[in-house]
Participant: 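Sending over a structure as structure tokens; questions will come in a sec.
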Amino acid sequence: MDVFRTDRIRNVVLLGHGGAGKTTLAEAMAYLAGLTSRLGRVEDGNTVSDYDKEEIKRHFSITTSLIPVPWQKNKVNILDTPGYFDFVGEVEEAVSAADAAIIVVSGKAGVQVGTQKAWNLCEKYKLPRMIFVTDMDVDDVSYRKVVDQLTELYGKKIAPLHFPIREDGKFVGYVNVVKQAGRKYIDKGQKEECEIPSYLDEYLEKYHDILMESVAETSEEFMDRYFEGDEFSVTEVSAALAANVQDASIVPVCMGSPINLRGVSNLLDDICGYFPSPDKRSCNGISQKTNEIFEANYDFAKAKSAYVWKSIVDPFLGKYSLIKVCSGVIKSDDTLYNATTETEEKISKLYVMRANKPEEVSELHAGDIGAIGKAGCKTGDTLSTKAVPVVYGKTEISKPYTYMAYAAKTKGDEDKISSALAKMMDEDLTLRSVSDTENRQTLLYGIGEQQLEVVVSKLQARYKVDIVLSKPKFAFRETLRKKVEAQGKYKKQSGGHGQYGDVKMSFEPSGDLETPYVFEEKVFGGAVPKNYFPAVEKGIQECVQKGPLAGYPVVGVKATLLDGSYHPVDSSEMAFKMAATLAFKKAFMEANPVLLEPIASLKVTVPDKFTGDVMGDLNRRRGRVLGMNSNHHGKQIIEADIPMSELFGYNTDLRSMTGGIGVYEYEFSRYEQAPGDVQKKEVEARADKVKAAEG
């Protein structure tokens, strides 16, 4: 592929709800630009961007794909992102590399939760955006209804640039609001001039007025001319639009039918005309030498630097680090310094990725997106020169809260699974594998259950290993509720020296559930020699690791050595350790032992209208709602304490209750006594496991 200067580059991310038509739009763009000789379909599994086996099988995007589309002497780097919420990490990475966004809205479905999430992401990253309404070929789709929904949500920012012309219900052309002219489609999305049907006059007037108001607000001169009733030229309108789009004070709405190649060339024209090149955006890092701000600003004349925004680790493709050049011009024989790891990276080859197909290039200019093969860097690393070392802030990626236990289906595959998951975690920063030694289980964390299912499939297809997901075990604790005294005597005679240890001890609640035990001694008269005190404590130390009630760790116990006896010949450290163990086990079961369950501090953010449903559901899950605060964006943050075990499956239920718009976060808070029925069930379950193990 040709090398493009910074001012000829547009980095555009496609955002929107799952199934809105992002991949179909990307496919139409690639076809019109001559990158493909036939128009692929998601249903047929032959699109450019959905190349992964899982994407082909499931008919939706799982990872972000990059397609560099040449158009009007420009290169439009299209970032096609997943719409399903489980793969939000891919979207966040892509948004961090983009300079503008197309929010794709299905004309059939209208504005959905994914549309609003896309808008919020654009607001967070201050991205200029346009909205593209798809499915205009469907007879009963109402473009005006979608525009009204958008206007209701986002106000006067929404400005339609086109609206459809229909004949007998069929989508045959469009009205260009800027030029106030009609166009009729002919072959392959080509068009010709046509009359504007009279029934559309009122809509043209309405949408044209919206545009003219926006243009007038760009300068005092324009405002005066607007009030005097002066007409703006097409050139003036286009220039004002570009300025307004770039500062996101106006969001144009376009429409079409990508599957029929209609409206796609208009969109590409608008991307090149209205969206900013990277050098119109700011980009700052920190200079490692001076500790001052390094204003990269995608300036090709400054020292070379790049940010690794995504990694591809595929057994078939190999490893690629996707970079966005933040300053300078990076060439294929450069040696760059990784300020994050403090190592040097020798770049032998530079690529641009066309989805899964790498194409070699000689250089990449500031603002461009490309790839380095077989590099030692990871997502979030910064590459620069050793003379001017720079570090850029890492992209904020959503934290995973959904988890399942997993185990190898075939014994002996554990190392292969661990290696495969490490590679997948390099690719997907929302995926985590955590070893829970206390419960002897390994946990797989993700954004949602669908993501975890995809991981299982990928492990099988890519790495030929199988894992089984199951409900995780939760880390209960045991403690006692009253003070009890008990004697433990360990006496053993087996010829020669015997074993003798005798202790009298008290056990009571310590009041500190953070600490397993506190040990004291109040022995008078040398009943137990001081040199055996550590052995007694060692016995307690071992006992609290696995409690007598259900085998969980013990917390909050104060153990006091009161009295005992010893034998001058047969006593030993081992004997006193065993005596303390006997005393502990006897006393613990007499001291009203209880199970403690882990409690999480939970925050759920939902629109006002869902608060009742969410609080009712939290009560059913034994949660205690502590309060509710507004986040000043029409949403409420519900704070609650809830048992960790009750959060299993919460992600799916919350999405179902709130239509996918509710989000939550939590962290472990403390332990509390579990209700009687929960304790009984847990103790019985542990007893059954012990029997099964012995049997």
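Since this is a predicted model, take the numbers as computed values, not measurements. Along the sequence shown, the residues carry numbers beginning at 1.
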Participant: Does a side-chain heavy-atom distance below 4.5 Å link Asp86 with Val454?
Facilitator: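 Contact flag for Asp86/Val454 side chains = no.
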
Participant: Taking atom CG as the centre, does Asp44 end up with more than 12 heavy-atom neighbours from other residues, nucleotides or ligands that are less than 6.0 angstrom away?
Facilitator: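 Yes, enclosed.
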
Participant: Can you tell me how far the OG atom of Ser332 sits from the CD1 atom of Ile372, to the nearest 0.5 Å?
Facilitator: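 CD1 of Ile372 is found 11.0 Å from OG of Ser332.
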
Participant: Let me see the working for Asp428 and Gln451 under side chain to side chain contact (heavy atoms under 4.5 Å, CB included), right down to the final yes or no.
Facilitator: CA-CA 10 Å; Asp428 184 353; Gln451 182 190 10; 2.8 Å; yes

Participant: Whether the Thr47 and Thr23 side chains hold a donor-acceptor pair (N or O, under 3.5 Å, no angle test) is what I'd like checked.
Facilitator: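 Thr47 vs Thr23: no donor-acceptor pair found between side chains.
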
Participant: For Thr340 and Asp381, indicate whether the former's side chain and the latter's backbone hold a donor-acceptor pair under 3.5 Å.
Facilitator: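 Side chain of Thr340 to backbone of Asp381, a donor-acceptor pair under 3.5 Å: no, none is there.
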
Participant: I'd like to know if the side chain of Asn297 reaches the main chain of Cys283, judged simply by a donor and an acceptor atom lying under 3.5 Å from each other, with no hydrogens or angles considered.
Facilitator: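 Confirmed, Asn297 side chain pairs with Cys283 backbone.
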
Participant: For atom NZ of Lys124, decide whether the heavy atoms of other residues, nucleotides or ligands shown that lie under 6.0 angstrom number more than 12.
Facilitator: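 Yes, NZ of Lys124 has more than 12 neighbouring heavy atoms, counting only those of other groups under 6.0 Å.
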
Participant: Are Lys331 and Asp334 close enough that some pair of their side-chain heavy atoms sits under 4.5 Å apart?
Facilitator: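 In short, these two side chains touch, coming nearer than 4.5 Å.
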
Participant: If only side-chain N and O atoms count, and only distance matters, is there a donor-acceptor pair under 3.5 Å linking Thr64 with Glu93?
Facilitator: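 Judged by distance alone, the side chains do not pair up.
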
Participant: A side-chain contact here means heavy atoms from C-beta on lying under 4.5 Å apart; do Asp80 and Ser61 qualify?
Facilitator: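 Yes; the side chains approach each other to less than 4.5 Å.
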
Participant: Just by modelled atom types, is the Val391 backbone N or O under 3.5 Å from a matching donor or acceptor in the Ser384 side chain?
Facilitator: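 Absent.
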
Participant: Would you say Ile312 and Met353 make side-chain contact, with heavy atoms under 4.5 Å?
Facilitator: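 Yes, side chains in contact.
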
Participant: Drop me the distance from Ser321's OG to Tyr351's OH, to the nearest 0.5 angstrom.
Facilitator: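 Rounded to the nearest 0.5 Å, the OG-OH separation comes out at 12.0 Å.
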
Participant: Which residues pass the ring-ring contact (aromatic ring centres under 6.0 Å, His included) test with Tyr125, not counting sequence neighbours?
Facilitator: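 ring-ring contact (aromatic ring centres under 6.0 Å, His included) list for Tyr125, sorted by chain: empty.
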
Participant: For a side chain to side chain contact (heavy atoms under 4.5 Å, CB included) check, start with the C-alpha distance between Ile661 and Val606, then their side-chain angles and the critical distance, and finish with the verdict.
Facilitator: CA-CA 7 Å; Ile661 209 161; Val606 291; 5.7 Å; no

Participant: Counting only heavy atoms not in Phe300, do more than 12 fall under 6.0 Å of its CZ?
Facilitator: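 Result for CZ/Phe300: open.
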
Participant: CG of Leu267 to SG of Cys272: how many Å apart, nearest 0.5 Å?
Facilitator: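 Spacing of CG (Leu267) from SG (Cys272) equals 9.5 Å.
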
Participant: Is atom NZ of Lys157 surrounded by more than 12 heavy atoms (other residues, nucleotides or ligands) closer than 6.0 Å?
Facilitator: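 Atom NZ in Lys157 is packed in, count exceeds 12.
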
Participant: If I take atom CG from residue Leu383 and atom OG1 from residue Thr335, how far apart are they, to the nearest 0.5 angstrom?
Facilitator: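 The CG atom of Leu383 sits 11.5 Å away from the OG1 atom of Thr335.
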
Participant: Taking the side chain as everything from C-beta on, heavy atoms only, tell me whether Arg432 gets closer than 4.5 Å to Lys399.
Facilitator: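 Answer yes - side chains close enough.
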
Participant: What residue among Arg58, Arg462, Lys57 forms salt bridge (Lys or Arg N to Asp or Glu O under 4.0 Å) with Asp52?
Facilitator: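 Only one of Arg58, Arg462, Lys57 forms a salt bridge (Lys or Arg N to Asp or Glu O under 4.0 Å) with Asp52, namely Arg462.
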
Participant: Which residues pass the side chain to side chain contact (heavy atoms under 4.5 Å, CB included) test with Leu153, sequence neighbours left out?
Facilitator: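 Partners of Leu153 by the side chain to side chain contact (heavy atoms under 4.5 Å, CB included) criterion, ordered by chain and then number, come out as Val111, Gln116.
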
Participant: Okay, side chain of Thr402, backbone of Ile447: is any donor-acceptor separation there less than 3.5 Å?
Facilitator: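 Yes; at least one donor-acceptor contact below 3.5 Å.
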
Participant: Ignoring hydrogens and geometry beyond distance, is a side-chain donor-acceptor pair present between Ser398 and Glu92 at under 3.5 Å?
Facilitator: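 A pair is found: one side chain offers a donor N or O, the other an acceptor, under 3.5 Å apart.
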
Participant: Please step through side chain to side chain contact (heavy atoms under 4.5 Å, CB included) for the pair Val329 and Val3, ending with a clear verdict.
Facilitator: CA-CA 11 Å; Val329 179; Val3 172; over 6 Å; no

Participant: So, taking the atom named CG in Asp426 and the one named CG in Leu421, what distance separates them when rounded to the nearest 0.5 Å?
Facilitator: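 Asp426 atom CG to Leu421 atom CG measures 11.0 Å (nearest 0.5 Å).
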
Participant: Any sub-3.5 Å donor-acceptor pair from Lys464's side-chain atoms to Ala461's backbone N or O?
Facilitator: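 Yes: the side chain of Lys464 pairs with the backbone of Ala461.
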
Participant: Which residues satisfy the side chain to side chain contact (heavy atoms under 4.5 Å, CB included) test with Val456, sequence neighbours excluded?
Facilitator: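 Testing Val456 for side chain to side chain contact (heavy atoms under 4.5 Å, CB included), a comparison that skips the adjacent residues, returns Ile467, Leu469.
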
Participant: Just by modelled atom types, is the Ala387 backbone N or O under 3.5 Å from a matching donor or acceptor in the Lys289 side chain?
Facilitator: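 Yes: the side chain of Lys289 pairs with the backbone of Ala387.
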
Participant: Would you say CG of Asp415 has more than 12 non-hydrogen atoms from neighbouring residues, nucleotides or ligands within 6.0 angstrom?
Facilitator: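 Counting neighbours around CG of Asp415, 12 or fewer heavy atoms of other residues, nucleotides or ligands fall under 6.0 Å, so no.
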
Participant: Any side-chain heavy atom of Cys254 sitting closer than 4.5 Å to one from Asn266?
Facilitator: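 Contact flag for Cys254/Asn266 side chains = no.
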
Participant: Mind checking whether Phe87 and Phe60 have parallel, tilted or perpendicular rings, split at 30° and 60°?
Facilitator: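 Taking Phe60 first and then Phe87, their aromatic rings sit tilted (interplane angle of 30° to 60°).
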
Participant: CD of Glu43: more than 12 outside heavy atoms within 6.0 angstrom?
Facilitator: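 More than 12 heavy atoms, drawn from other residues, nucleotides or ligands, come within 6.0 Å of this atom.
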
Participant: Does Ala405 have any side chain to side chain contact (heavy atoms under 4.5 Å, CB included) partners at least two apart in sequence or in another chain, and if so, which?
Facilitator: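 Here the qualifying residues are Gln441, Leu443, Ser470, Pro472.
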
Participant: Does Lys378, at its NZ atom, have more than 12 non-hydrogen atoms belonging to other residues, nucleotides or ligands within less than 6.0 Å?
Facilitator: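 Incorrect, the count does not exceed 12.
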
Participant: Would a distance-only check, ignoring hydrogens and angles, find a side-chain to backbone donor-acceptor pair under 3.5 Å from Glu54 to Ile62?
Facilitator: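 Not confirmed, Glu54 side chain does not pair with Ile62 backbone.
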
Participant: Run the numbers on Phe275 and Val76 for side chain to side chain contact (heavy atoms under 4.5 Å, CB included), then give the verdict.
Facilitator: CA-CA 10 Å; Phe275 278 162; Val76 182; over 6 Å; no

Participant: Could you verify whether a donor N or O on one side chain and an acceptor N or O on the other, from Ser327 and Asp299, lie under 3.5 Å apart?
Facilitator: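 The criterion, which ignores hydrogens and geometry beyond distance, is not satisfied for Asp299 and Ser327.
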
Participant: Quick one: does any side-chain atom of Thr385 pair with a main-chain N or O of Lys304 as donor and acceptor, under 3.5 Å?
Facilitator: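 Absent.
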
Participant: Taking only Lys NZ, Arg NE, NH1 and NH2, and the carboxylate oxygens of Asp or Glu, determine whether Arg354 and Glu359 approach each other closer than 4.0 Å.
Facilitator: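 Judged by the 4.0 Å cut-off on N to carboxylate O distance, Arg354 and Glu359 do form a salt bridge.
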
Participant: Strictly by salt bridge (charged side-chain N to carboxylate O under 4.0 Å, His left out), give each pair with a member in residues 3-24 just once, sequence neighbours left out.
Facilitator: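 Pairs touching residues 3-24 that pass the test: Arg5-Asp7.
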
Participant: Looking at Lys603 and Glu667, does any basic side-chain N land under 4.0 Å from a carboxylate oxygen?
Facilitator: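 Salt bridge between Lys603 and Glu667, a charged N being under 4.0 Å from a carboxylate O: no.
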
Participant: Are the side chains of Tyr392 and Ser305 in contact, using a 4.5 Å heavy-atom criterion?
Facilitator: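 Yes, close enough: below the 4.5 Å cut-off.
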
Participant: Side-chain contact, heavy-atom cut-off 4.5 Å: Arg281 with Pro128?
Facilitator: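 In short, these two side chains touch, coming nearer than 4.5 Å.
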
Participant: Between Glu27 and Arg41, does at least one N-O distance fall below 4.0 Å, as a salt bridge requires?
Facilitator: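 A salt bridge is absent here (no side-chain N lies under 4.0 Å from a carboxylate O).
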
Participant: Apply side-chain hydrogen bond (donor to acceptor under 3.5 Å, both in side chains) to Ser419 and Tyr463, showing your working.
Facilitator: CA-CA 10 Å; Ser419 170; Tyr463 301 100; over 6 Å; no

Participant: Has the side chain of Tyr298 got a donor or acceptor atom that lies under 3.5 Å from a matching backbone atom of Ser277?
Facilitator: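 Checked: no pair found.
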
Participant: Distance check, rounded to the nearest 0.5 Å: Tyr307 atom OH versus Lys394 atom NZ?
Facilitator: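 Result: 7.5 Å between the selected atoms.
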
Participant: With sequence neighbours left out, what residues match Leu32 under side chain to side chain contact (heavy atoms under 4.5 Å, CB included)?
Facilitator: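 Result, side chain to side chain contact (heavy atoms under 4.5 Å, CB included) vs Leu32: Trp71, Leu261, Val264, Ser265.
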
Participant: Determine the interplanar angle of the Tyr664 and Tyr650 rings, folded into 0 to 90°, and report it as parallel if under 30°, tilted if 30 to 60°, perpendicular if over 60°.
Facilitator: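 If you compare the ring of Tyr664 with that of Tyr650, the planes turn out perpendicular.
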
Participant: Between the side chain of Gln72 and the main-chain N/O of Asp269, is any donor-acceptor distance below 3.5 Å?
Facilitator: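 Such a contact is absent between Gln72 side chain and Asp269 backbone.
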
Participant: Salt bridge check, Lys75 against Asp368: does any charged N sit closer than 4.0 Å to a carboxylate O?
Facilitator: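 Salt bridge flag = yes for Lys75 with Asp368.
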
Participant: For the ring pair (Phe, Tyr, Trp, His ring centres under 6.0 Å) test, which of Tyr84, Phe85, Trp119 pairs with His17?
Facilitator: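 Exactly one option meets the ring pair (Phe, Tyr, Trp, His ring centres under 6.0 Å) with His17, and it is Phe85.
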
